[in-house]
Amino acid sequence: MDTLTHDSSAVAGGGGSVGERARVAGLWFAVLSAASFGLSGSLASGLMGAGWSAGGAVLSRVGLAALVLLVPAWIALDGRWRLLRAQLPVVVGYGVFAVAGAQFAYFNAVRTMDVGVALLIEYTAPVAVVVWMWLRHGHRPARRTVTGAAVAAVGLVLVLDLVSGADLSAAGVAWALVAMVGAAVYFVLSAAESELPPIVLAAAGLVLAATALLLAGLVGAISLASSTAAVRYGDSTVPFWVPVAGLGVVTAAVAYVSGIAASRRLGPRLASFVGLLEVLAGLLFAWALLGQLPGPWQFLGGALVLLGVVVVKAGEVVEPPTARPGA
């Protein structure tokens, strides 16, 4: 597993028993994060069906999560503002791209396509992470990694239902691809070595994301429309504050903190791999709450996407990273 991540941060802590406990804890954090994130698309889809804009749904999500984490983060920081200042570029990148950008794009995607399809497109992110680690850190992918990327690409064609000629929203696909880039940024930045406590990074990123979205709304760049109308999920309706609370507390506060904790213990590659469980969670929640299920070709494509990512990860075990000349 250490070879799989190629990340010293994933094995920090010395002895085997300590490192093993850290990895086991990281896996549990990753599962919790994936399940929590998987709920967001279905909750947001219901809100947008009740009159909310994508910007309004994202702002309520990150704003509430920021409020929930503010006091715990303040306590965890314990006056060590130098740590926050030293990590300011990471915090800004995390808040603007990994939080605000990725979620705004994903919520726009689920306005025009099924939650499961949008998630499958977004979760080609592990391939993007491998490419980034290759270009930035010299971790040259093995032949098996390249094969896995090709399998995932074929799967993506089927997920988009291009074979049967389905009328899939081009705008939705574009938004899902933007969300994929944001997810890749999330995995890489979450795993950055830092003394900054995970809850502080999450809270600071959420505050910056909420601020960026609010400013964009005030200047008219995005709509922040909201509604107090009841929200329908299947045959049931719930007060608007129920999905809003779920988005803020479960799919943001819990999801981001546990995701950062997982990435720091497992490294960006393995964390992004385990994060694929979000696709399964998203499909289950979309089926239970919205009655959405992908078609047969899309199911096959989703299986190929997941298989391709598994092969990508297996390829990372086969060959050790190759350092760039002069690195």
Side-chain angles (χ1 to χ4, degrees), residues 37-65 97-125 156 159-162 166-183 186 209-210 212-214 216-217 220-234 236-238 240-248 250-252 255 278-279 281-295 298 301-302:
F37 275 130
L39 179 60
S40 67
S42 297
L43 292 182
S45 183
L47 281 175
M48 290 185 287
W52 289 64
S53 67
V58 178
L59 180 59
S60 68
R61 180 185 189 226
V62 300
L64 178 56
F97 296 104
V99 179
Q103 285 305 307
F104 181 70
Y106 174 55
F107 284 5
N108 269 298
V110 299
R111 288 181 69 92
T112 56
M113 65 168 58
D114 284 357
V115 170
V117 176
L119 267 178
L120 284 166
I121 296 173
E122 181 181 0
Y123 264 80
T124 54
L156 188 58
V159 166
L160 297 179
D161 217 0
L162 300 180
D167 184 18
L168 200 65
S169 166
V173 172
W175 280 117
L177 289 172
V178 173
M180 180 270 288
V181 175
Y186 163 76
L213 288 166
L214 185 58
I222 63 173
S223 170
L224 298 179
S226 61
S227 171
T228 57
V231 181
R232 176 171 293 276
Y233 294 102
S236 303
T237 57
V238 297
F240 78 95
W241 57 265
V242 173
V244 168
L247 280 174
V250 178
T251 78
E278 180 183 341
V279 177
L283 286 171
L284 292 175
F285 284 127
W287 174 53
L289 297 179
L290 305 174
Q292 295 179 354
L293 278 178
Q298 292 171 317

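Side-chain atoms are counted along with the backbone in the values below, which use heavy atoms only and exclude waters and symmetry mates.
Taking every heavy atom of both residues into account, G55 and I222 meet most closely at CA-CD1, 4.4 Å. Across every non-hydrogen atom of V244 and S60, the tightest pair is CG1-CB, 4.2 Å. The minimum heavy-atom distance between R111 and A54, with the atom names listed, is NH1-N, 3.8 Å. Residue A118 comes nearest to A176 through the heavy atom pair O-CB, 4.1 Å, listed as atom of the first residue, atom of the second, then distance. The two residues L247 and S40 make their nearest non-hydrogen contact at CD2-O, 3.6 Å. A109 and G172 get closest at one heavy-atom pair: CB-O, 3.6 Å.
Side chain of S53 to main chain of S223: a donor-acceptor pair is present (N/O by atom type, distance under 3.5 Å, no hydrogens or angles).
Not counting sequence neighbours, the partners of D114 by the side chain to side chain contact (heavy atoms under 4.5 Å, CB included) test are V117, Q292. Under the side-chain hydrogen bond (donor to acceptor under 3.5 Å, both in side chains) criterion, E278 pairs with Y123, sequence neighbours left out. Residues forming a side chain to side chain contact (heavy atoms under 4.5 Å, CB included) with V238 (at least two apart in sequence, or on another chain): V231, Y233, V242, P243. Scored by the side-chain hydrogen bond (donor to acceptor under 3.5 Å, both in side chains) test, T251 finds R61 as partners (sequence neighbours excluded). Partners of A230 according to the side chain to side chain contact (heavy atoms under 4.5 Å, CB included) rule, which considers only residues two or more places apart in sequence or in another chain, are T237. Partners of W175 by ring-ring contact (aromatic ring centres under 6.0 Å, His included), not counting sequence neighbours, listed by chain and number: F104. The side chain to side chain contact (heavy atoms under 4.5 Å, CB included) search around V250 returns S36, L39, not counting sequence neighbours.
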For residues 42-52, tabulate all N or O donor-acceptor pairs below 3.5 Å that involve a side-chain atom, not counting sequence neighbours.
from : atom 1 : to   : atom 2 : distance (Å)
S42  : OG     : A286 : N      : 3.2
W52  : NE1    : S227 : O      : 3.0

> Step by step, would you call Y106 with V58 a side-chain contact (heavy atoms from CB on, under 4.5 Å)?
Replying inline: CA-CA 10 Å; Y106 174 55; V58 178; over 6 Å; no

> What's the verdict on side-chain contact (heavy atoms from CB on, under 4.5 Å) for V178 and F97, showing C-alpha distance, side-chain angles and the deciding distance?
Replying inline: CA-CA 10 Å; V178 173; F97 296 104; over 6 Å; no

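Atom-to-atom distance recorded for L213:CG and L224:CG is 7.0 Å, nearest 0.5 angstrom.
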